[in-house]
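FYI, side chains are in, hydrogens and waters are out, and symmetry mates aren't considered; it's all heavy atoms of this structure.
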Amino acid sequence: MTTNAHAGHHTHAGHADTATQPAHAGHQDNHAGHGIDTNGHAAHQHHGKHAAPEQAPVDEHAGHAGHGDAHAGHAAGAPGGLLITQDGYTLDLETTIAEPGGIDFRFRILGPDGTAVTEFDPIHDRELHLIVARRELTGFWHVHPVREADGTWVIRLDLPEAGAYRVFTDIAPRALGRTITLGADLALAGHYAPQPVPAVGRNAEVDGYEATVDGELRAEGDLLTLTVRKDGVPVTDLQPYLAAFGHLVILRAGDLAYVHVHPNGEPGDGITPAGPEITFHTAVPGPGTYRLFLDFRHGDVVRTAAFTLTAGVAAPLHSHHH
């Protein structure tokens, strides 16, 4: 029984709890979500979403995931964000039901011993990235809560409409030694009229900026290039945001499988231009319809451009048709 051999490692650094974040955590975090649902709601491109109904074998390991033997291996192969508990870490929302409007959103990350984790390795300048998305992918917020000394994370969220939401946390618990993404459901009470996923398209407009995406979504991976223009003019002075010129979160329609990609190169490396192009090497977890959310910073404001793309079945599967 060596499963909990490392559980004791995170009792020694209580003094570091409040040192890093609070001073700057709040100043640009309410940026996202405006302009997201501008792409019309006439989308009808979700045929093919149910092409693979039988995924049952995946959870045959669930019964013995706690033995510490092989559970990390198969969890790592699955898309992020589908599980509320992974590798011993649990996303514990203080409430899973709220009202539309401004809410003080509070949650904890519980470790293998059931207590709140307070030791995280930073990922792109922050100990935790919180992503909130509407189930239909018509709204998206990427924000950075503040961690209180007891391990409770707090942020003011403004979620305007009733509906079904998914909450994701990108974290790297120090005792785990790598990044995981946990996901949990949040419901906002009220009359809820589900929207279709926005129509497929390679162009997005937000606050007078135009963004386009080139490249294909493939399970085996491919290069995506996002280009940012303002009033038709390429933007060549993008500002670093969380140690990068852009952040891309990709969510799959239907189950909200989560992919968070960071761009090739980084600000200040002497070779990466500050726009208009941002390139990402991206692999998606299989065929389907995906919504892409690009965060970029310009003129001291972070904006989010959103696109819908589809990923087909990988090429080899077509090669035997007669």
Test item: Pro79 and Val259 side chains (from C-beta on) under 4.5 Å apart, heavy atoms: no
Where at least one partner belongs to residues 223-246, residue pairs that pass salt bridge (charged side-chain N to carboxylate O under 4.0 Å, His left out), sequence neighbours excluded: none
Shortest non-hydrogen separation from Leu238 to Gly275 and the atoms involved: CD1-CA, 3.8 Å
Ring centre gap for His129 and His124 strictly below 6.0 Å: no
Beyond-backbone contact of Leu188 with Glu161, side-chain heavy atoms, under 4.5 angstrom: no
For Asp158 against Gly102, the heavy-atom pair lying closest together: OD1-N, 3.5 Å
Among Glu127, Glu94, Arg106, the one residue meeting side-chain contact (heavy atoms from CB on, under 4.5 Å) with Trp153: Glu127
Side chain to side chain, Phe107 and Leu130, heavy atoms closer than 4.5 Å: yes
Separation between CG of Leu110 and OH of Tyr89, rounded to the nearest 0.5 Å: 11.0 Å
Gap between atom CG of Leu83 and atom CG of Leu91 - 0.5 Å precision: 11.0 Å
Verdict with reasoning, Asp125 to His144, per side chain to side chain contact (heavy atoms under 4.5 Å, CB included): CA-CA 10 Å; Asp125 281 359; His144 300 97; over 6 Å; no
ILVMFWY network linking Leu224 to Val206, side-chain heavy atoms under 4.5 angstrom: yes
Side chain to side chain, Thr90 and Leu182, heavy atoms closer than 4.5 Å: no
Spatial distance of atom CD (Glu119) from atom CZ (Arg147) [nearest 0.5 Å]: 8.0 Å
Minimum-distance pair of heavy atoms, taken over all atoms of Leu294 and Gly246: CD1-CA, 4.4 Å
Pair Phe293 and His142, ring centroids less than 6.0 Å apart: no
Separation between CG of Asp214 and CG of Leu223, rounded to the nearest 0.5 Å: 10.5 Å
Inter-residue atom distance Thr169.OG1 - Phe120.CZ, 0.5 Å rounding: 8.0 Å
Heavy-atom check, side chain of Val213 versus side chain of Leu226, under 4.5 Å: yes
Criterion side chain to side chain contact (heavy atoms under 4.5 Å, CB included) on Phe105 and Leu93, from CA distance to verdict: CA-CA 8 Å; Phe105 188 66; Leu93 305 187; 3.7 Å; yes
Stepwise side chain to side chain contact (heavy atoms under 4.5 Å, CB included) test for Ile131 and Tyr258: CA-CA 10 Å; Ile131 307 289; Tyr258 175 102; 3.5 Å; yes
Leu137 side, atom CG; Arg252 side, atom CZ - distance, nearest 0.5 Å: 11.5 Å
Nearest non-hydrogen partners of Asp222 and Glu216, listed with the distance: CB-O, 3.4 Å
Student check: side-chain heavy atoms of Glu210 and Asn203 closer than 4.5 Å: no
Nearest non-hydrogen partners of Ala189 and Ala162, listed with the distance: O-CB, 3.3 Å
Mutual orientation of the aromatic rings belonging to His260 and His262 [parallel < 30°, tilted 30-60°, perpendicular > 60°]: tilted
Student check: side-chain heavy atoms of Tyr241 and His298 closer than 4.5 Å: no
Transitive ILVMFWY side-chain link Val143 to Ile123, under 4.5 Å: no
SB check Asp185 Arg135 (cutoff 4.0 Å): yes
Heavy-atom check, side chain of Leu186 versus side chain of Leu159, under 4.5 Å: yes
Within one Ile-Leu-Val-Met-Phe-Trp-Tyr cluster: Leu217 and Leu82, side-chain cutoff 4.5 Å: no
